[in-house]
Participant: 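This is the structure I have questions about; it appears just below.
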2 protein chains.
Amino acid sequence: MGEYPAATLDRVFSAVSDPTRRAILARLAESDARVTDVASVFPISLNSTSKHIRVLERAGLVRRKVRGREHILSLEPSPLSDAAEWIEHYRKFWSDQLASLDAFVTRRGNAETAS
Amino acid sequence: MGEYPAATLDRVFSAVSDPTRRAILARLAESDARVTDVASVFPISLNSTSKHIRVLERAGLVRRKVRGREHILSLEPSPLSDAAEWIEHYRKFWSDQLASLDAFVTRRGNAETAS
DNA sequence: CGGATATTCACCCATGAGGGTGAATAAAGC
DNA sequence: GCTTTATTCACCCTCATGGGTGAATATCCG
């Protein structure tokens, strides 16, 4: 945690904002795969898929091992930690807000009961 | 949870991928604010800030109440639920992977001890 | 060596994003 | 009614993105 610079949060969120790239990650969650294997699943060209993979690499979400002419891709979910952390901060805000609303309603209920 | 269509996940991730917009959300987490209030914090123009706010609105992360000429903005973190859910899925994959690595190391350790 | 396979490089194109400015609209306030 | 304030609309510019194609590179295999 916290081992990725702030700019990476931008790249991670940006990377996963694309449905094709999320699908690539889903594919790699099943098993490691070559660029061609990943590309064969999608209606877009091999070339475009290769570009998506590069975006995921820059976000640190995909690792590549070159073995001869084949590039073996694997999922690297650890950069998602900072993203999850960021989100949780706001979800906490949300539950706090609900809690104070609840407290308010409860207080009002008590006041009305008391009157 | 699950009450936002899939396209919203795109918009949410895309919206929070920009540091200015994350800063706007941080500002609104402190308190509700007008467009001008939010804009005054940033080095960019009021107009650009207004555009960022619109992006956040389309992602469902900001709500707007028009009161006369003032537009009061408030944080709406609930669309982050689906984003958090998506991320958690891959973090689970990550911990599963660690667990099986751990199991492998443990097994190998036992085997070596046994030999 | 020569051909097939895997991947990227170098482009082209259209669209959207993020920044800006100046004018328009709408509501307050004097 | 006129002016100020709050916000958006309508543009402009630049750069990145997502899609494509064709050629280059690198490796494997017969």
Participant: Which atoms form the tightest heavy-atom contact between A/Arg22 and B/Phe13, and what is the distance?
Facilitator: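 Minimum heavy-atom separation between A/Arg22 and B/Phe13: NH1-CD1, 4.2 Å.
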
Participant: According to salt bridge (Lys or Arg N to Asp or Glu O under 4.0 Å), who are the partners of B/Arg27, at least two apart in sequence or on a separate chain?
Facilitator: none

Participant: What is the distance, to the nearest angstrom, from the NZ atom on B/Lys65 to the C1' atom on D/dT7?
Facilitator: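 In whole Å, D/dT7 C1' and B/Lys65 NZ are 18 Å from each other.
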
Participant: For nucleotides 15-22 of chain D, give me every protein contact, N/O to N/O, under 3.5 Å, one pair per line with atom names.
Facilitator:
| unit_1 | atom_1 | unit_2 | atom_2 | d |
| --- | --- | --- | --- | --- |
| D/dG18 | OP1 | A/Arg21 | NH1 | 3.3 |
| D/dG18 | OP1 | A/Arg21 | NH2 | 2.9 |
| D/dG18 | OP2 | A/Arg21 | NH1 | 3.0 |
| D/dG19 | OP2 | A/His52 | NE2 | 2.3 |
| D/dG19 | O6 | A/Lys51 | NZ | 3.0 |
| D/dG20 | OP1 | A/Ser45 | N | 3.4 |
| D/dG20 | OP2 | A/Ser45 | N | 2.9 |
| D/dG20 | OP2 | A/Ser45 | OG | 3.0 |
| D/dG20 | OP2 | A/Ser48 | OG | 2.7 |
| D/dG20 | O6 | A/Lys51 | NZ | 2.6 |
| D/dT21 | O4 | A/Asn47 | ND2 | 2.7 |
| D/dG22 | O6 | A/Asn47 | ND2 | 2.5 |

Participant: Could you tell me how far apart A/Asp10 (CG) and C/dG18 (C1') are, to the nearest whole angstrom?
Facilitator: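 In whole Å, C/dG18 C1' and A/Asp10 CG are 13 Å from each other.
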
Participant: If I compare all heavy atoms of B/Val62 with all of B/Glu76, which pair ends up nearest, and what's the gap?
Facilitator: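 Shortest heavy-atom separation between B/Val62 and B/Glu76 comes out as N-CB, 4.2 Å.
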
Participant: So, are B/Lys65 and B/Asp32 salt-bridged, with charged N and O less than 4.0 Å apart?
Facilitator: no

Participant: Taking only Lys NZ, Arg NE, NH1 and NH2, and the carboxylate oxygens of Asp or Glu, determine whether B/Glu88 and B/Arg91 approach each other closer than 4.0 Å.
Facilitator: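 Salt bridge present between B/Glu88 and B/Arg91.
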
Participant: Rounded to whole Å, how long is the line connecting atom CG of A/Leu73 with atom C1' of C/dA6?
Facilitator: 12 Å

Participant: Establish, from distance only, whether the side-chain atoms of A/Ser45 and A/Ser48 form a donor-acceptor pair under 3.5 Å.
Facilitator: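 Indeed, the side chains of A/Ser45 and A/Ser48 share at least one donor-acceptor pair under 3.5 Å.
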
Participant: Between A/Ser14 (side chain) and A/Arg11 (backbone), is there a donor-acceptor pair under 3.5 Å?
Facilitator: no

Participant: Tabulate atom names and distances for all N/O pairs under 3.5 angstrom spanning the protein and nucleotides 26-29 of chain D.
Facilitator:
| unit_1 | atom_1 | unit_2 | atom_2 | d |
| --- | --- | --- | --- | --- |
| D/dT27 | O3' | A/Arg69 | N | 3.4 |

Participant: Indicate yes or no for a side-chain donor-acceptor contact from B/Arg21 to the backbone of B/Ala15 under 3.5 Å, with no hydrogens or angles considered.
Facilitator: yes

